[in-house]
Every structure is written in structure tokens, then in C-alpha cells.
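The next block holds one structure in the form of C-alpha cells; read it before the comments.
Keep in mind the model is a prediction, meaning the values are calculated, not measured.
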Amino acid sequence: MFGDSGAAIFGYSHAFGGYAGSHAEYIRVPFAEKGCFVIPEGIANDSAVFCSDAFPTGFMAADMADIKPGQVVAVWGCGGVGQMAIQSARLLGAERVIAIDGHEERLRTAQLIGGATDILNYKKVNIQDALKELTGGRGPDVCIDAVGMEAFGEGIGYYYDRAKQYVRLENDRPVVLREAIMACRKGGTVSIVGVYSGFADKIPMGAAMNKALTFKMGQMHAQKYIPRLLEYVRDGKVDPSYLITHRVGLEQGQQAYDLFYESRDHCMRAVLFPETGWIGHDSGSMAHAILSRND
């Protein structure tokens with residue numbers, strides 16, 4: 001499937017090392033002295049938890065795209081990883097960051113907290129036309145795919161992928177990847193941190209090659225980025241705690257997964273707390289305050 005064995009990733013099956021994930025009764029942690037990090041004093045648990053994922057994944061998407069000051073970046077997906085990619089792009093000097101999603105509440109959060117300068121709802125506008133208009137006809141300098149194989153979309157391409165997945169003829173739905181390739185400016189960079197599992201169909205390689213696009217992609221390199229990101233949080237440059245929209249007891253974990261998968265109740269990230277016996281909005285979070293304004 002991959003041509004070689006993938007990296008070892010907790011909870012990613014035997015295709016990636018066979019290590020149990022965080023819901024297993026016991027977890028084997030090889031090379032723990034290399035993969036675990038001490039949380040510096042002054043960083044709250046709510047912020048530190050996202051330095052293990054979401055923040056490093058989003059930051060890697062921006063970092064490996066080699067964003068330069070003044071550039072325009074488009075980010076597909078305003079979930080946890082997309083939110084962090086947006087903040088990271090601004091942190092690394094992007095002048096404009098265009099957030100793309102189909103959920104208005106996530107777009108509002110990306111703009112009011114994440115620092116997105118422009119927001120686009122793919123259910124309401126043609127993304128290609130809108131990006132051309134926002135960039136003077138050139139296209140974004142960097143296009144970040146923070147969605148991956150389970151992308152939702154509009155049009156014939158999306159339904160083509162759904163049909164092929166249904167009959168097991170295609171692994172992934174590369175709707176966002178196609179859009180990013182077609183939207184990116186000539187000589188631009190497409191950065192991919194949305195996960196793809198195998199074979200994807202109808203990728204416009206002719207456009208990618210003839211526009212001289214650079215592709216950067218990969219599973220998140222946690223050990224490389226976590227120490228740096230903990231410093232950003234400690235120094236007050238980024239606070240990812242707003243991603244928590246629900247606090248959940250362990251016994252209600254399945255309900256939280258259902259909320260997240262179905263994007264119900266404005267769920268962006270649910271965090272499991274052993275001592276919590278209820279499920280619902282984290283009423284103290286910044287995201288909850290924003291998402292509730294127009295409810």
C-alpha cells in the first residue's frame with residue numbers, strides 16, 4: 001500500500017507499528033525518554049494537551065510550506081488542526097490567511113480567535129472563483145490541506161468519490177487536494193497534513209506539474225515541534241485551549257465521538273476528564289462564547 005512501512009504512531013494499527021492508542025487499557029511507550037516532554041511551569045493543562053496534537057500538526061503545515069512575510073495562505077478545514085494552521089501561518093508572517101470550511105461557527109472562530117483575515121463557506125461560494133478574486137487573479141502563495149481523506153464538498157467530483165468509496169474502488173476523497181492544486185498560484189506550495197490512507201483518483205497532476213507547484217506533506221513530526229510550541233504557549237503567543245468545546249466523562253466518550261463526527265452542538269474538540277460526569281459545552285471557553293453569540 002505505502003511502498004514501505006510507515007512511522008510508528010499510537011493507535012494507527014499494524015500499518016504504523018502496531019502500538020495501542022490512548023483508549024487501550026495499557027499503552028506501550030517505546031523510547032519514552034525521547035517522546036515525552038515536561039510541561040513548563042505556567043502552562044495550563046487545557047493548553048498543554050493540544051501541544052501533543054492539533055497545534056503541532058497545524059504548525060507543521062505552515063512551517064514546511066516555508067511561509068514568507070507578506071504571503072497569502074489558504075487553509076482548507078477549520079477544525080482543530082485547521083485552526084492551528086491558521087494561527088501558525090500568521091505567527092510565521094503571512095499577511096492574509098483565508099479560512100475555508102462549511103460550518104459557519106468554525107469560520108467565525110477562525111476569524112475572531114484564530115486570526116483569519118478572510119473566510120469562505122464552500123457551501124455558499126465557488127472556492128476557485130472566490131480565491132482568484134481575493135488574490136488579484138494569482139491564487140494563494142500557499143494552500144494547506146488540513147482535511148484529508150474524509151473531506152466533504154460540493155459538485156460532481158465529491159459525489160464521484162463517495163460513489164467509488166461506497167463500492168470500495170477508492171480509499172480517499174481528495175476533494176480538497178484537487179481544489180488546492182487548482183487554486184494555488186504558479187510556483188506556489190501545497191502543504192498537506194490532512195491524512196490520506198491509500199489511493200486517490202482524478203488528481204490534476206497536469207496542473208500541478210505545469211504550474212511548477214511544490215508539495216510538502218506528512219504525518220506530524222511531534223518530537224521536532226513540541227518543545228518550540230510549548231515556548232509559544234508559555235510566552236502567550238498562542239493559546240490553543242479555545243479548541244475545547246466539550247468536557248466529557250470517560251463513560252460518555254462514545255457520545256463525544258458522535259458529536260465530533262457529526263459536527264453537532266458546535267463540537268470542535270471534546271476532552272475526556274475522568275472526574276467529569278456530564279457532557280456539554282465548555283461554558284468557560286472562548287470558543288463557546290463566540291459560538292453562542294448568534295445562537
**Prompt:** Can you find a heavy atom in the side chain of Val195 that is under 4.5 Å from one in the side chain of Gln219?
**Reply:** yes
**Message:** If you apply the rule side chain to side chain contact (heavy atoms under 4.5 Å, CB included), what do you find for Tyr242 with Asp46, and how did you get there?
**Reply:** CA-CA 8 Å; Tyr242 75 91; Asp46 285 1; over 6 Å; no
**Asked** Would a 4.5 Å heavy-atom cut-off, applied to side chains only, mark Asn121 and Asp101 as touching?
**Response** no
**Prompt:** Does the Arg106 side chain pair with the main chain of Gly80, one donor and one acceptor, at a distance under 3.5 Å?
**Reply:** no
**Asked** Between CE of Met64 and CD1 of Ile144, what distance do you get to the nearest 0.5 Å?
**Response** 8.0 Å
**Request:** Name the orientation class of the two ring planes belonging to Phe59 and Tyr225 (parallel below 30°, tilted from 30 to 60°, perpendicular beyond 60°).
**Result:** perpendicular
**Request:** Check for a donor-acceptor pair, side chain of Asn126 on one end and backbone N or O of Gln128 on the other, with a separation under 3.5 Å.
**Result:** yes
**Asked** Is any side-chain heavy atom of Cys184 less than 4.5 Å from a side-chain heavy atom of Thr189?
**Response** no
**Prompt:** Is there side-chain contact between Val233 and Phe55, with heavy atoms separated by less than 4.5 Å?
**Reply:** yes
**Request:** Output yes when a side-chain donor or acceptor of Ser191 lies under 3.5 Å from a complementary backbone atom of Ala61, and no otherwise.
**Result:** yes
**Asked** Yes or no on salt bridge (Lys or Arg N to Asp or Glu O under 4.0 Å) for Glu170 and Arg162, after CA distance, side-chain angles and deciding distance?
**Response** CA-CA 9 Å; Glu170 186 175 21; Arg162 291 301 295 259; over 6 Å; no
**Request:** Indicate whether any N or O donor in one side chain lies under 3.5 Å from an N or O acceptor in the other, for Asp258 and Gln254.
**Result:** yes
**Request:** Answer with yes or no whether the hydrophobic clustering places Ile127 together with Met182; edges join I, L, V, M, F, W, Y residues whose side-chain heavy atoms lie under 4.5 Å apart.
**Result:** no
**Fill in**
One should read off an interatomic distance between His103 NE2 and Lys123 NZ, to the nearest 0.5 angstrom, of 5.5 Å
**Request:** Could you walk me through whether Phe10 and Ile27 pass the side chain to side chain contact (heavy atoms under 4.5 Å, CB included) test, one step at a time?
**Result:** CA-CA 9 Å; Phe10 293 106; Ile27 303 173; 4.0 Å; yes
**Message:** Looking at Arg178 and Asp161, is any side-chain nitrogen of the basic one under 4.0 Å from a carboxylate oxygen of the acidic one?
**Reply:** yes
**Message:** To check you understand the geometry: which heavy-atom pair defines the closest contact between Tyr26 and Ala20, and what is its length?
**Reply:** O-CB, 3.9 Å
**Pair Lys216 + Asp63, salt bridge at N-O below 4.0 Å** = no
**Thr135 OG1 to Arg96 CZ distance, which is reported to the nearest 0.5 Å** = 8.0 Å
**Item:** Pro227 and Phe37, any side-chain heavy atoms less than 4.5 Å apart
**Value:** yes
**Message:** Return the CG to OG distance between Asp239 and Ser47, rounded to the nearest 0.5 Å.
**Reply:** 3.5 Å
**Message:** As a quick check of understanding, evaluate side chain to side chain contact (heavy atoms under 4.5 Å, CB included) for Gln83 and Met268, giving each step before the final call.
**Reply:** CA-CA 10 Å; Gln83 297 281 342; Met268 185 178 299; 3.7 Å; yes
**Atom of Gly198, atom of Asp172 and distance for their closest heavy-atom approach** = N-OD2, 3.3 Å
**Request:** For the pair Glu95 and Lys68, find out whether any cationic side-chain nitrogen is under 4.0 Å from an anionic carboxylate oxygen.
**Result:** no
**Item:** Separation of Cys51 SG from Ile39 CD1 (nearest 0.5 Å)
**Value:** 8.0 Å
**Prompt:** Does a side-chain heavy-atom distance below 4.5 Å link Leu107 with Thr109?
**Reply:** no
**Request:** Would you indicate whether the side-chain heavy atoms of Met149 and Asn171 approach each other to under 4.5 Å?
**Result:** no
**Message:** Please check: side-chain N/O of Lys211 versus main-chain N/O of Ile181, any donor-acceptor pairing under 3.5 Å?
**Reply:** yes
**Request:** Return yes if a side-chain donor-acceptor contact under 3.5 Å exists between Glu179 and Tyr122, otherwise no.
**Result:** no
**Item:** Test item: Asp141 side-chain N/O and Val72 main-chain N/O as donor-acceptor pair under 3.5 Å
**Value:** yes
**Request:** Kindly state whether the ring of Phe16 and the ring of Phe2 have centres lying under 6.0 angstrom apart.
**Result:** yes
**Complete:** CG (Asp265) and CZ (Phe260) are apart, to the nearest 0.5 Å, by 14.0 Å
**Prompt:** Can you tell me if CZ on Arg264 sees more than 12 non-hydrogen neighbours from other groups inside 6.0 Å?
**Reply:** yes
**Message:** Take a 6.0 Å sphere around CD of Glu41 and say whether it holds more than 12 heavy atoms from other residues, nucleotides or ligands.
**Reply:** no
**Message:** Is it the case that the side chains of Tyr232 and Arg228 hold a donor-acceptor pair, with the cut-off being a distance below 3.5 Å and no angle test?
**Reply:** yes
**Pair Tyr196-Asp145, side-chain donor/acceptor within less than 3.5 Å** = yes
**Item:** Chi angles and distances behind the side chain to side chain contact (heavy atoms under 4.5 Å, CB included) call for Leu120, Leu134
**Value:** CA-CA 10 Å; Leu120 297 174; Leu134 288 170; 4.1 Å; yes
**Asked** Does NZ or CZ of Arg173 come closer than 6.0 Å to the centre of the six-membered ring of Tyr158, within 45° of the ring's axis?
**Response** no
**Asked** Heavy-atom distance under 4.5 Å between the side chains of Ile203 and Leu177, does that happen here?
**Response** yes
